Amino acid sequence: MGANSSSISELPENEYLQKLSGSEPISENDPFWNQLLSFSFTTPTNSADLKLLEEATISVCKSLVEKNPRTGNLGSLIKVFLSRTKELKISAECQNHLFIWQAHNALFIICCLLKVFISQMSEEELQLHFTYEEKAGPSSYGTECEDLIEELLCCLIQLIVEIPLLYPCQHTDSNWWKWLCSWYRGRYSGGVTSALGYAVRDITYSISLEAVTTLIVFLSCQLFHKEILRESIIHRYLMHGRCLPYTSRLVKTLLYNFIRQERSPPPGAHVFQQQTDGGGLLYGIASGVATGLWTVFTLGGVGSKSSAQLEQCSPLASQSLLLLLVLANLTDAPDIPNPYRQAIMSFKNTQDNTAFSSSNPHAFQINFNSLYTALCEQQKSDQATLLLYMLLHQNSNMRTYVLARTDIENLVLPILEILYHVEERNSHHVYMALIILLILTEDDGFNRSIHEVILKNITWYAERVLTEISLGSLLILVVIRTIQYNMTRTRDKYLHTNCLAALANMSAQFRSLHQYAAQRIISLFSLLSKKHNKVLEQATQSLRGSLGSNDSPLPDYHFWEMSDCLHFSETKLRHAQDLNVIEEVIRMMLEIINSCLTNSLHHNPNLVYALLYKRDLFEQFRTHPSFQDIMQNIDLVISFFSSRLEQAGAELSVERVLEIIKQGAVALPKDRLRKFPELKFKYVEEEQPEEFFIPYVWSLVYNSAVALYWNPRDIQLFTMDSG
């Protein structure tokens, strides 16, 4: 960092960094800053090199932490950056061709320093480093003490929302754009279009990315606390004062960054011709420097990514989404709800002409079609799935729009693929995908429409070749597979409950179930039945052992008294609890089957066929006190169709059996089927959802943020295997 450094290893000896972290105060007007901000070393492009950068500069950072309370050099650097950004936005006639690059370079250094400061000190201590004011010498900010933290935060937000990703084809009346066009015309003989196609885009892209990254770093104090931060200086600045009016614009810009998925400019596309002025300062960046310097800002990141993967990603889109998730999950302030969450909850479609409520000043409009398309395309990432969950759960406008789409398969299929590859996904990603399905299945229109969408050749479904199947049947198959995986691996009751709730919501609208989907429903019940018998045997043996004699008569296990349970050891009590859980699941499966039979039997001959084929499974539950009521309808259906099959003769073909079932479905007296309440389950967040979501979001930041590295030993919010 500084004009004379060419590699990371030389940074600790760099004269400019030594001066920055030294004992002498440096005024923001000192020519030193022009030299410091003229980079000429190859910067890192992956997490390993980022780690090396942090380790190489730790002595510089420690020295600055120690001496800054006396020198105020961090504040001077920030003021230099603020000065450069003011020129960037409003100085149409400015002739300082380097200020754009220096603004970016200054922000990069600030971000690196902030990351170290925040990881090593409390917010109160950090605030002291920002409040130092040099007593001597002129100051471009006057004599009154500025709150530099708020000033910097507000400036970063303004950069994000006011500096567009410009292209030659875009029209704008801004003075800044006109000045750039004029400047490029003078510098490039090939004309504005050839130069601006990459160069302007590169400048704005890099500054926008660095501003987003620095905001994430500002909020990263949460990483170094085990408990959820509810009172934070940074949070207070973002929810009050000068930052507050930018809330909706910031959320909107971050969403559009996600929607556009703009890739980073190719290395070297932004190269300027090298010039010097009379003072010998560098007014351009040579090709060798550019290809090394800018790559880290656009491609580097935590996690091992190949070059091919990096070329396909959009660093700005990824980083913007992470910042949006962090902001949306900040805890409410004592006197105001989180305004960023309020903005996410209330934005509308650009085609919606209804008036906004005066009670929500943070509402705005966005193109729902573009957002929907981006969400469909990006579901392979945890971040995009979490955003989809937030929008469906919190924004009724977006939820209504999604449910009205005629191409809902474009959204549902990526969610099903997440669940199908459950072994490869982290548990949080699976939860989010499953809850999204649960939210969607709360709508009867969705439950009907998914059986009308016919899919062909689902290549990622490996258990069986599915040449043609409805989206509804595929959804059933994937959810049942998730339940079976959970039964044999994770044994998570929460996962079971939500899977069964989604099936239950759909059950009354089951239509034309694929024969394989019908078979899997009954096969799942068979698996549960075997599990029930095994757990029942273990529980009975536990009770017999507790009573002290293998010859003692046992009370019926359905009527165990508390006096019996008092004899249970912890292991034996667990057996009893396991029995209760498995019976709850069996009850739910019987209710799902019953709901389909009572509401849409004539639409599902394949389910009746599978039921008859495995009719013996249900015998043991006919007299079971927990299932007798729900078994009445299932028993009636089995008896009715079994009788008709017996009358038709032996050795019937599958086609003939299905024909008899279809005919019998019309003749079955519906009034003999007992009516049960409609199965409906609604997703409700826990009372303190931040206890789950904040560690989850920050684990995503830790693992996925572009060009950011934190020492894992410093992380307190979550363990390294929880992300």
Side-chain angles (χ1 to χ4, degrees), residues 372 375-376 378-382 384-396 398-405 407-453 455 458 460-461 469-486 490 492-511 513-514 517 520-521 524 585 588-589 591-592 595-596 679-685 692:
Y372 178 82
L375 288 168
C376 293
Q378 300 299 320
Q379 285 306 304
K380 289 185 179 180
S381 77
D382 287 66
T385 304
L386 181 53
L387 175 63
L388 174 59
Y389 158 77
M390 287 171 47
L391 295 178
L392 290 176
H393 177 56
Q394 299 178 3
N395 189 310
S396 59
M398 189 66 190
R399 182 169 62 252
T400 300
Y401 176 86
V402 168
L403 290 169
R405 293 285 302 204
D407 59 348
I408 193 66
E409 68 275 13
N410 291 339
L411 186 68
V412 175
L413 281 173
I415 299 299
L416 295 182
E417 195 168 354
I418 293 169
L419 292 175
Y420 184 80
H421 296 293
V422 59
E423 302 94 338
E424 304 168 15
R425 304 291 180 179
N426 70 69
S427 60
H428 289 0
H429 198 185
V430 173
Y431 283 150
M432 290 299 101
L434 185 54
I435 292 170
I436 286 168
L437 288 184
L438 179 55
I439 293 172
L440 293 174
T441 60
E442 292 172 13
D443 182 77
D444 286 341
F446 171 84
N447 295 330
R448 287 190 295 270
S449 65
I450 56 175
H451 293 288
E452 299 170 359
V453 177
L455 308 169
I458 307 301
W460 48 261
Y461 193 92
I469 189 171
S470 71
L471 179 61
S473 289
L474 180 64
L475 194 158
I476 293 168
L477 285 174
V478 172
V479 171
I480 287 176
R481 185 180 183 275
T482 305
I483 294 174
Q484 292 178 322
Y485 173 82
N486 186 50
T490 57
D492 187 331
K493 183 180 178 181
Y494 180 84
L495 197 65
H496 267 337
T497 301
N498 284 281
C499 284
L500 292 168
L503 291 177
N505 284 345
M506 297 169 56
S507 59
Q509 280 84 34
F510 282 172
R511 294 290 188 276
L513 289 183
H514 191 280
R520 298 309 296 161
I521 291 173
L524 175 58
V585 175
M588 190 77 145
M589 280 301 302
E591 288 179 340
I592 290 168
S595 175
C596 178
L679 289 180
K680 275 299 175 185
F681 293 86
K682 185 177 178 63
Y683 170 71
V684 179
E685 276 189 348
F692 170 84

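The structure displayed is predicted, hence computed values, not measured ones.
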Can you name the side-chain hydrogen bond (donor to acceptor under 3.5 Å, both in side chains) partners of K680, sequence neighbours left out?
D444

Quick check: closest heavy atoms across N426 and D382, and the distance to 0.1 Å?
ND2-OD2, 2.8 Å

Spatial distance of atom CD1 (I480) from atom CG (L475) [nearest 0.5 Å]:
10.0 Å

Under the ring pair (Phe, Tyr, Trp, His ring centres under 6.0 Å) test, which residues partner H496, sequence neighbours left out?
none

Kindly write out the residues that satisfy ring pair (Phe, Tyr, Trp, His ring centres under 6.0 Å) with Y494, not counting sequence neighbours, or none if the list is empty.
Y431

Side chains of M398 and L375, heavy atoms from C-beta outward: is any pair under 4.5 Å?
yes

Run the salt bridge (charged side-chain N to carboxylate O under 4.0 Å, His left out) check on R481 and E423 step by step: do they pass?
CA-CA 11 Å; R481 185 180 183 275; E423 302 94 338; 3.3 Å; yes

Not counting sequence neighbours, which residues clear ring pair (Phe, Tyr, Trp, His ring centres under 6.0 Å) with F681? List them please.
none

By side-chain hydrogen bond (donor to acceptor under 3.5 Å, both in side chains), which residues pair with T482, not counting sequence neighbours?
none

Roughly how far, to the nearest 0.5 Å, is the CG atom of L392 from the CD1 atom of I439?
5.5 Å

Report the distance from atom CG of L503 to atom CG of L437, rounding to the nearest 0.5 Å.
9.5 Å

S396: what forms a side chain to side chain contact (heavy atoms under 4.5 Å, CB included) with it, not counting sequence neighbours?
R399

Taking only residues two or more places apart in sequence, or in another chain, which ones meet R405 in a side chain to side chain contact (heavy atoms under 4.5 Å, CB included)?
N369, Y372, Y401, D407

Does any non-hydrogen side-chain atom of H428 lie less than 4.5 Å from one of F692?
yes

Review item, side-chain donor-acceptor pairs of residues 412-421, under 3.5 Å, at least two apart:
residue: Y420; atom: OH; partner: A462; partner atom: N; Å: 2.6
residue: Y420; atom: OH; partner: E463; partner atom: OE1; Å: 2.4

Qualifying residues under side-chain hydrogen bond (donor to acceptor under 3.5 Å, both in side chains), relative to S470, sequence neighbours excluded:
S473

Would you please test N486 and C499 for side chain to side chain contact (heavy atoms under 4.5 Å, CB included) and show each step?
CA-CA 10 Å; N486 186 50; C499 284; over 6 Å; no

Going from SG on C596 to CG on L513, what distance comes out if it is rounded to the nearest 0.5 angstrom?
5.5 Å

I'd like to check T497 versus V585 (side-chain heavy atoms, cut-off strictly below 4.5 Å). Are they in contact?
no

Testing the basics here: between M432 and T385, what is the closest heavy-atom pair and its distance to 0.1 Å?
CB-CG2, 3.8 Å

I450 vs M506 side-chain heavy atoms within contact, under 4.5 Å
yes

N505-N447 side chain donor-acceptor pair, cut-off 3.5 Å:
no

What is the minimum heavy-atom distance between L438 and A502, and which atoms define it?
CD1-N, 3.8 Å

One pair to check against side chain to side chain contact (heavy atoms under 4.5 Å, CB included): I483 and L495. What are the steps and the verdict?
CA-CA 8 Å; I483 294 174; L495 197 65; over 6 Å; no

Any non-hydrogen side-chain atom of M589 less than 4.5 Å from a side-chain atom of L500?
yes

Please check: side-chain N/O of S507 versus main-chain N/O of A504, any donor-acceptor pairing under 3.5 Å?
yes

Walk me through it: do I476 and R520 pass the test side chain to side chain contact (heavy atoms under 4.5 Å, CB included)?
CA-CA 9 Å; I476 293 168; R520 298 309 296 161; over 6 Å; no

Quick check: closest heavy atoms across F510 and H451, and the distance to 0.1 Å?
CA-NE2, 3.7 Å

The criterion is salt bridge (charged side-chain N to carboxylate O under 4.0 Å, His left out); which residues satisfy it with E591, sequence neighbours excluded?
R587

For the OH atom of Y461 and the CG atom of L477, what is their distance to the nearest 0.5 Å?
4.0 Å

Taken in chain and number order and not counting sequence neighbours, the residues that satisfy side-chain hydrogen bond (donor to acceptor under 3.5 Å, both in side chains) with D443 are none

Could you work out, with side chain to side chain contact (heavy atoms under 4.5 Å, CB included) as the rule, every residue matching E452, not counting sequence neighbours?
none

Short question: side chain of E442, backbone of Y683 - any donor-acceptor pair under 3.5 Å?
yes

About how many Å separate CG of L386 and CD of Q379, when rounded to the nearest 0.5 Å?
10.0 Å

